[in-house]
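Both backbone and side-chain heavy atoms feed into the values below; hydrogens, waters and symmetry mates do not. Per chain, numbering begins at 1; letters A, B, ... match sequence-line order.
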Amino acid sequence: MLLNYNPQEIEKKWQARWAADHIYEATENSNRPKFYALTMLPYTSGDLHIGHWYAMAPSDVYARFKRMQGYNVLHPMGFDAFGLPAENAAIKHGIHPHVWTMRNIEHMRDQLKRIGAIYDWNREMITCLPEYYRWTQWFFLKFYHAGLAYRAKAPVNWCPECQTVLANEQVLGEGCCERCGSQVTKKDLEQWFFRITRFADELLDFSHLDWPERIKTMQRNWIGRSEGAEVSFKLEREDIKPEGIKVFTTRPDTIFGVSFFLLAPEHPLVSQLVAPERRDEVERYVAWCRRQSEYERTAVGKEKTGVFLGSYVINRLNGEKIPIWITDYVSLSYGTGAVMGVPAHDERDFEFAKKFNLPVRTVITPPGCSSKKPMEEVYSETGIMVNSGEFDGLPSEQGYNAICDLLESRGWGKRTVTYRIRDWLVSRQRYWGAPIPMIYCNKCGIVPVAEEDLPILLPSDAEFKPTGESPLKYCQSFVNTTCPRCSGPARREVDTMDTFMCSNWYFLRYTSPKSDGAPFETEKLKYWMPVDLYTGGAEHAVMHLLYSRFFIKAIKYMGLVDFDEPFTRLFNQGTIIYLGDKMSKSRGNVVAPDKYVSELGADAVRAYLMFVGPWELGGEWSDSGFVGISRWLNRVWNLVGMDYVSQVTELAVEKEFLNVTHRTIKKVSEDLERFHFNTMLASLMEFTNYLSKIQESGNVSVLLWQQAITYLLLLLAPTAPHIAEELWAKTGHTYSIHNRPWPEWDEELVREEKITLVIEVNGKLRDKLLVPVSISEIEAKELALGQEKVKAHIEGKKISRVIYVPGRVVNIVAK
RNA sequence: GCCGAAGUGGCGGAAUGGUAGACGCGGCAGUCUCAAAAACUGUUGGGAGGCAACUCUCGUGUCGGUUCGACUCCGACCUUCGGCACCA
């Protein structure tokens, strides 16, 4: 009999041994196939909570499973260390962000080590250290030189709480800041952008990716590709410079239905086009629009507003004079900032027309409806063209092309594609980030820092109060420099990079973390990339996961890598809730894993997290459920530790025993492959329960028993690595279980000899019979009809059919 | 409003066209104990009948449909969660 299961002791012992023996270190010179399993790196907030474990434990289990299956596995870990919380903590508590961050990392690394994962700590990577951000800056320069980074003035998102600009992707629904939740406002500022739009079409290609449909849909919606036409409407007044204004429309086939013309209130031509007598009213309206938040302006269901400018455009297709209005439902940032109003066939235009009594003209009728009468409701589908001059009678799909052809031949417009996605704003007015390696010279203008001058170190002595301006601006020793081109006095860029730039390429760095002359060693990168399995939360769908795809496509375009997608397979785990709610500091229901690890062990925490439900759906933390898992590990401990005494061996029992053993190997293997961790554990528990019964009866040989125990431990090893290793040693095996191959099942032994045949009458269960697998259809039917319980239910009825499903069911249909 | 996921015992969940509720928690009963806890064993969806082995019946958000047979497929709806949202 063994001593009691003492997880604290054995977990400490084996973690030390694995580290000392470097058994989880990954090398490139292996003849095994490579497998790169990656979990999204944690932000250095200070404490790992059970949500982090929920992301990390199952992915480690899968990585361990792949490792035992014979793959050369890379499963690294690091820290996303730049970002606002560090700076905010610094402001609040007077600790330097660097000190705060590094202290948190120390603590989190200790917590992470207690998980018992196969992380190769030699490859640890911290994004806020100069040896890392040097290369983040290097990439910025590469983007600049490739024409993919540019500086421009634009209306940008401004978070008044964080005192910095944000990318569009970082403004969540209802116009809230992704970090702090405050209402974001708009500011006109000159900022750095990355040309993600250039890759919009490539980013829509998911054909080689095994990603959840949900994320692909979110990215597709975010990119928002629309095909249509750009059409120029002629200005009636001829004293104005451009002679026409362009609109974007997805329905050029409705162009004969235009009855008004709309501009965004901020459209640059508004001030020229407004008639003198309407100027006051227009200016008042524009000012009113500007006062509204972005969210208020774009809210659906809002009553339409607008003002007539007092001037007109000409619809070149029919020569009609169309009044120009401005309205807040047209935004300058999409399409051309101008819209042709077709009230009969667009919901919004219809509302606008109703509100301001503008004419509604039907130009498309539903197929089969010949009436040319104005319709009561908006019809936004395709149909037959009417009131459209020479195009009358054409189906609108053909009319679309015919009108485009006409526009193109006359030079009035052309087919085009518009995207919803905007270029990625990457500069931030904050201190704790990688400085943007650019210099402003009065003579030479914007000059990039030379590659050999990297890293541009973040000064440690900057004042970082949130003033709305970059803290680095006031750090003279940082700002003042010389121009790399003319050597005259110059100023450094004082903005830092969005932290999503750091997480764009960290998975490349893991392949050669000590690389000194380049961000990565190409040979090692070629060996490991792309990531075979990437796991993490779905909240990064249109931020990190989109940016990283763009980043890889961009550096492939530059010739730096030869693959064009970073993550071949993506999996999003669900959320762990506690006391019926999502865990959060404000709700005060955060579960800290440390206490549970100390009490019942990391193996139990790992196993419990995988047992609470399907990984992709999340689950609820429950203290009593957790105790249940620990009880099971205890049962395993006792089962394996107790001497097995063979009593009378029975051939039938031994057969069944082998069958159960191999069925379990199969089930566990298949469930692991599909991330069905909860049912994998259930089958391991069933196996344990079964073994307990056999242990009591002693009906199988010692040899079979020992074999089964060996399998049990191997199957348990990825989930509960410490207890498996301990019991492996205690049962006389050689170290280490984690270097053993994954067991294979024998299909011959999985096959059952007897099956339970279900007998139904009119689809209702009436009897169950244990029959040989080989039973014929005729035998099965006869057997079923002969059963007493069946007879009682078919008495006096006429049997119309008997359905037989081999190995499953006989259903007697009787009336 | 649109898109996606989900809805099953007291609870977490299992079963993806063929035995609904695997496995675990909780409950109940028992063993051990002076007693309790722990551990172990048995039992546990609701209702009705039976001394009993057992039998019948209802039951997977709601309503309909397809099928010999539906938690599973189809249609409509309700609820919860996530995402998007005047995108021309």
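C32(B) and A37(B) have their C1' atoms separated by 12 Å, given to the nearest Å. Annotation: G17(B) and C71(B) have their C1' atoms spaced 11 Å apart (nearest Å). The P atoms of G61(B) and G9(B) are separated by 8 Å, rounded to the nearest whole Å. Separating the P atom of U19(B) from that of U60(B) is a span of 16 Å, rounded to the nearest Å. Spacing between G30(B) and A36(B) at atom P, rounded to whole Å, works out to 11 Å. Spacing between G75(B) and C23(B) at atom C1', rounded to whole Å, works out to 35 Å. Across the C1' atoms, G45(B) and C28(B) are found 15 Å apart, a figure rounded to whole Å. A gap of 24 Å separates the P atoms of C87(B) and A5(B), to the nearest Å.
Proximity of R348(A) to the phosphate of C87(B): a side-chain N or O atom is located under 4.0 Å from OP1 or OP2. A close approach under 4.0 Å does occur between a side-chain nitrogen or oxygen of R631(A) and OP1 or OP2 of A39(B). Taking only side-chain nitrogens and oxygens, R766(A) comes nearer than 4.0 Å to OP1 or OP2 of U57(B). Residue R214(A) has no polar side-chain atom (N or O) positioned under 4.0 Å from OP1 or OP2 of A5(B). Phosphate contact (OP1/OP2 of C56(B), side-chain N/O of H793(A), threshold under 4.0 Å): present. Contact annotation: N689(A) side-chain N/O to G24(B) OP1/OP2 distance is under 4.0 Å. Between R220(A) and the phosphate of C3(B), there is no side-chain N or O to OP1/OP2 separation shorter than 4.0 Å. For the OP1/OP2 pair of C23(B) and a distance below 4.0 Å, the side-chain nitrogens and oxygens of T679(A) include no atom meeting the criterion. Using a 4.0 Å cut-off, some side-chain N or O of K789(A) falls inside it from OP1 or OP2 of U55(B).
RNA chain B is contacted by both T418(A) and E620(A); E620(A) maps to the nucleotide lying nearer its 5′ end (nearest heavy atom per residue). Toward the 5′ end of RNA chain B lies the nearest nucleotide of K693(A), the other residue of the pair G763(A) and K693(A) mapping further downstream.
Figure legend: K304(A) and Y329(A) shown as a cation-pi pair, the cationic atom lying under 6.0 angstrom from the six-membered ring centre and within 45 degrees of its axis. Within the cation-pi definition used here (under 6.0 Å to the ring centroid, within 45° of the axis), R606(A) does not qualify as a partner of W53(A).
Proximity note for S624(A) (side chain, C-beta onward) versus C58(B), C25(B), C23(B): the nearest is C25(B). Set against C86(B), G12(B), G18(B), the side chain of K302(A) has C86(B) as its closest nucleotide. Distances were taken from every side-chain heavy atom of S331(A) (C-beta onward) to each of A88(B), C25(B), G12(B); the shortest belongs to A88(B). Out of A85(B), C68(B), A20(B), the shortest distance to the side chain of L765(A) is found at A20(B). For T756(A), counting side-chain heavy atoms from C-beta on, the closest listed nucleotide (G18(B), C23(B), U19(B)) is U19(B). Of the candidate nucleotides C23(B), C3(B), U19(B), C3(B) has the atom lying nearest to any side-chain atom of T217(A). Closest approach to the V612(A) side chain among U19(B), G12(B), C25(B) is made by G12(B) (side chain taken as heavy atoms from C-beta onward).
Atom CG of N4(A) and atom P of C40(B) are 12 Å apart (whole Å). Atom OH in Y334(A) sits about 12 Å away from atom P in A85(B), given to the nearest Å. Atom P of nucleotide G83(B) and atom CZ of R420(A) are separated by 14 Å, given to the nearest angstrom.
Using N1 to N3 plus N6-O4 or O6-N4 for Watson-Crick, or N1-O2 and O6-N3 for G-U wobble, each under 3.5 Å, G1(B) pairs with C84(B). Judged by Watson-Crick or G-U wobble contacts below 3.5 Å, the nucleotide C32(B) has no partner. Look at G26(B): its Watson-Crick or wobble partner, with both distances under 3.5 angstrom, is U44(B). The partner of G64(B) is C74(B), judged by Watson-Crick or G-U wobble contacts that both fall below 3.5 Å.
Listed for the T327(A) side chain is a donor-acceptor partner under 3.5 Å among the backbone atoms of T305(A).
Taking the six-membered ring for Trp, W621(A) and Y54(A) have ring centres at least 6.0 Å apart. Here W615(A) and F675(A) bring their ring centres to under 6.0 angstrom of each other. Checked against the 6.0 Å centroid criterion, the rings of Y596(A) and F626(A) qualify as a close aromatic pair. For F571(A) and W211(A), the gap between ring centers reaches or exceeds 6.0 Å.
At the heavy-atom level, N678(A) lies under 4.0 Å from the strands shown only through sugar-phosphate atoms. When heavy atoms are screened at a 4.0 angstrom cut-off, E760(A) is found touching base atoms of the nucleic acid. Here S226(A) lies in heavy-atom contact (under 4.0 Å) with sugar-phosphate atoms only. Within 4.0 Å (heavy atoms only), R225(A) reaches no atom of the nucleic acid at all. No contact: G619(A) has no heavy atom under 4.0 Å from any strand. Among the protein residues, V805(A) comes within range of the nucleic acid bases, having at least one heavy atom under 4.0 Å from a base atom. Among the protein residues, V542(A) comes within range of no part of the nucleic acid, since none of its heavy atoms lies under 4.0 Å from any strand.
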Using the rule given for side chain to side chain donor-acceptor pair (under 3.5 Å), can you reason through N401(A) versus R415(A), listing the C-alpha separation, both sets of side-chain angles and the distance that settles it, and then say yes or no?
CA-CA 9 Å; N401(A) 282 313; R415(A) 290 174 175 86; 3.1 Å; yes
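Annotated as syn: G9(B), whose O4'-C1'-N torsion sits within 90° of 0.
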